[in-house]
Amino acid sequence: MTDIQELLLSRIRDVPDYPEPGVMFKDITPLLADPAAFTALTDALAEIAERVGATKVVGLEARGFILGAPVAVRAGLGFIPVRKAGKLPGATLAQSYELEYGSAEIEVHAEDLSAGDRILIVDDVLATGGTAEASIQLIRRAGAEIAGLAVLMELGFLNGRARLEPALAGAPLDALLVV
């Protein structure tokens, strides 16, 4: 394990039985509260943005906003939020996707993306991959290219990576931590 991985992992708190019994929630708020750890995380994700040749960063609601915005600033790129349906004013492009129990919808302002854009999608956790897969579809529908997907933490036992590999079509998926 690298020094940055040790630092990041040491600042993630396990919360048992949240949000329901049997679930071990990975709380990143201690990491965000630690300036050294948050800076190290931002730097690592910004390096990924530069490596993949991203021109913009997309952050997925809600913790992807917290991570993606400083990454965009550090890398000198624009930031675009992908929001839950009904949260953006004006004309949006929407994408529905299935959840374990039901469905959801995400939206983006299509005019914020263009054919020349290479997008790095940033989120805190890759779990089953449903939201990330929907965001990939949404970004492509807006005419932009996927440069990659970067997450702080991948929950390997939920197999989100296997679900996303066809959708990524060769674009890299970088997880700083795999638990």
Side-chain angles (χ1 to χ4, degrees), residues 1-49 52 57-72 74 79 81-87 95-107 119-139 146 148-168 171-179:
M1 185 175 288
T2 67
D3 289 345
I4 186 170
Q5 287 173 317
E6 286 181 18
L7 173 63
L8 297 175
L9 200 53
S10 75
R11 301 303 189 273
I12 296 171
R13 180 174 59 133
D14 286 343
V15 181
D17 299 319
Y18 182 82
E20 58 187 53
V23 173
M24 180 65 73
F25 184 79
K26 300 291 187 182
D27 181 13
I28 68 166
T29 58
L31 188 158
L32 300 174
D34 180 323
F38 194 17
T39 298
L41 171 59
T42 301
D43 289 346
L45 293 172
E47 287 172 16
I48 293 168
V52 301
V57 173
V58 159
L60 304 183
E61 188 164 345
R63 290 181 299 266
F65 297 173
I66 297 168
L67 304 185
V71 167
R74 180 67 44 92
F79 176 77
V82 167
R83 307 269 342 243
K84 294 175 183 170
K87 300 288 186 179
Q95 181 70 44
S96 296
Y97 62 102
E98 296 303 313
L99 298 169
E100 188 175 352
Y101 301 105
S103 63
E105 190 173 57
I106 54 174
E107 295 179 332
I119 305 299
L120 177 67
I121 302 166
V122 172
D123 206 1
D124 64 329
V125 174
L126 171 60
T128 64
T131 306
E133 183 179 41
S135 70
I136 291 167
Q137 294 166 348
L138 187 61
I139 291 162
I146 305 299
L149 170 64
V151 296
L152 163 59
M153 186 175 11
E154 176 182 350
L155 305 180
F157 62 94
L158 292 175
N159 300 315
R161 181 177 291 267
R163 176 181 183 167
L164 288 176
E165 283 176 344
L168 284 166
L173 191 169
D174 289 283
L176 299 179
L177 301 171
V178 179
V179 297

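Side chains are part of it too, since the values below use all heavy atoms of this structure and drop only hydrogens, waters and symmetry mates.
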Among residues at least two apart in sequence or on other chains, which ones pass salt bridge (charged side-chain N to carboxylate O under 4.0 Å, His left out) with E107?
none
Might you work through the side chain to side chain contact (heavy atoms under 4.5 Å, CB included) test for L155 and L126, ending with a clear yes or no?
CA-CA 6 Å; L155 305 180; L126 171 60; over 6 Å; no
Any L149 side-chain heavy atom under 4.5 Å of L168 side chain
yes
From D174, V151, V122, residue fulfilling side chain to side chain contact (heavy atoms under 4.5 Å, CB included) relative to L45:
V122
Can a donor-acceptor pair be found, under 3.5 Å and without considering hydrogens, that links the side chain of T39 to the backbone of A36?
no
Please lay out, stage by stage, how M153 and L176 fare under the test side chain to side chain contact (heavy atoms under 4.5 Å, CB included).
CA-CA 6 Å; M153 186 175 11; L176 299 179; over 6 Å; no
Presence of salt bridge, R163 and E133, under 4.0 angstrom
yes
Measure the spacing between NZ of K26 and CD1 of I12 and express it to the nearest 0.5 Å.
7.5 Å
Once side-chain hydrogen bond (donor to acceptor under 3.5 Å, both in side chains) is applied, do any residues pair with E47, and if so which ones, sequence neighbours excluded?
none
So, for G59 and F65, which heavy atoms are closest and what is the spacing to 0.1 Å?
O-CE2, 3.3 Å
Testing the basics here: between G64 and D123, what is the closest heavy-atom pair and its distance to 0.1 Å?
N-OD1, 3.4 Å
Could you walk me through whether T131 and Y97 pass side-chain hydrogen bond (donor to acceptor under 3.5 Å, both in side chains), step by step?
CA-CA 7 Å; T131 306; Y97 62 102; 3.1 Å; yes
Please report the shortest heavy-atom distance between L164 and A132, naming the atom on each side.
CD1-CB, 3.8 Å
Starting at CG of L32, measure out to CG of L67 and round the result to the nearest 0.5 Å.
6.5 Å
Measure across Q95 and A134 and return the closest heavy-atom pair with its distance rounded to 0.1 Å.
CG-O, 3.5 Å
Assess the residue pair L9 and L7 against the criterion (side chain to side chain contact (heavy atoms under 4.5 Å, CB included)); give the C-alpha distance rounded to whole Å, side-chain angles, the decisive distance to 0.1 Å, and a yes or no.
CA-CA 6 Å; L9 200 53; L7 173 63; over 6 Å; no
F25 atom CZ, over 12 foreign heavy atoms within 6.0 Å:
yes
For the side chain of D34 and the backbone of A37, is there at least one donor-acceptor N/O pair under 3.5 Å apart?
yes
Neighbour count above 12 (heavy atom, 6.0 Å) for D3 CG:
no
All heavy atoms of I66 vs all of F38, minimum pair found to be O-CZ, 3.7 Å
Under-4.0 Å salt bridge between K87 and E61
no
Going by heavy atoms in the side chains, are L41 and L152 under 4.5 Å from each other?
yes
So, the side chain of D17 versus the backbone of G22: is there a donor-acceptor pair under 3.5 Å, distance only?
yes
Heavy atoms of A167 and I136 approach each other most closely as O-CG2, 3.6 Å
Please report the interatomic distance CG(D124) to CZ(R63), rounded to the nearest 0.5 Å.
4.0 Å
Audit row: K84, E105, side chain to side chain contact (heavy atoms under 4.5 Å, CB included) steps and yes/no:
CA-CA 6 Å; K84 294 175 183 170; E105 190 173 57; over 6 Å; no
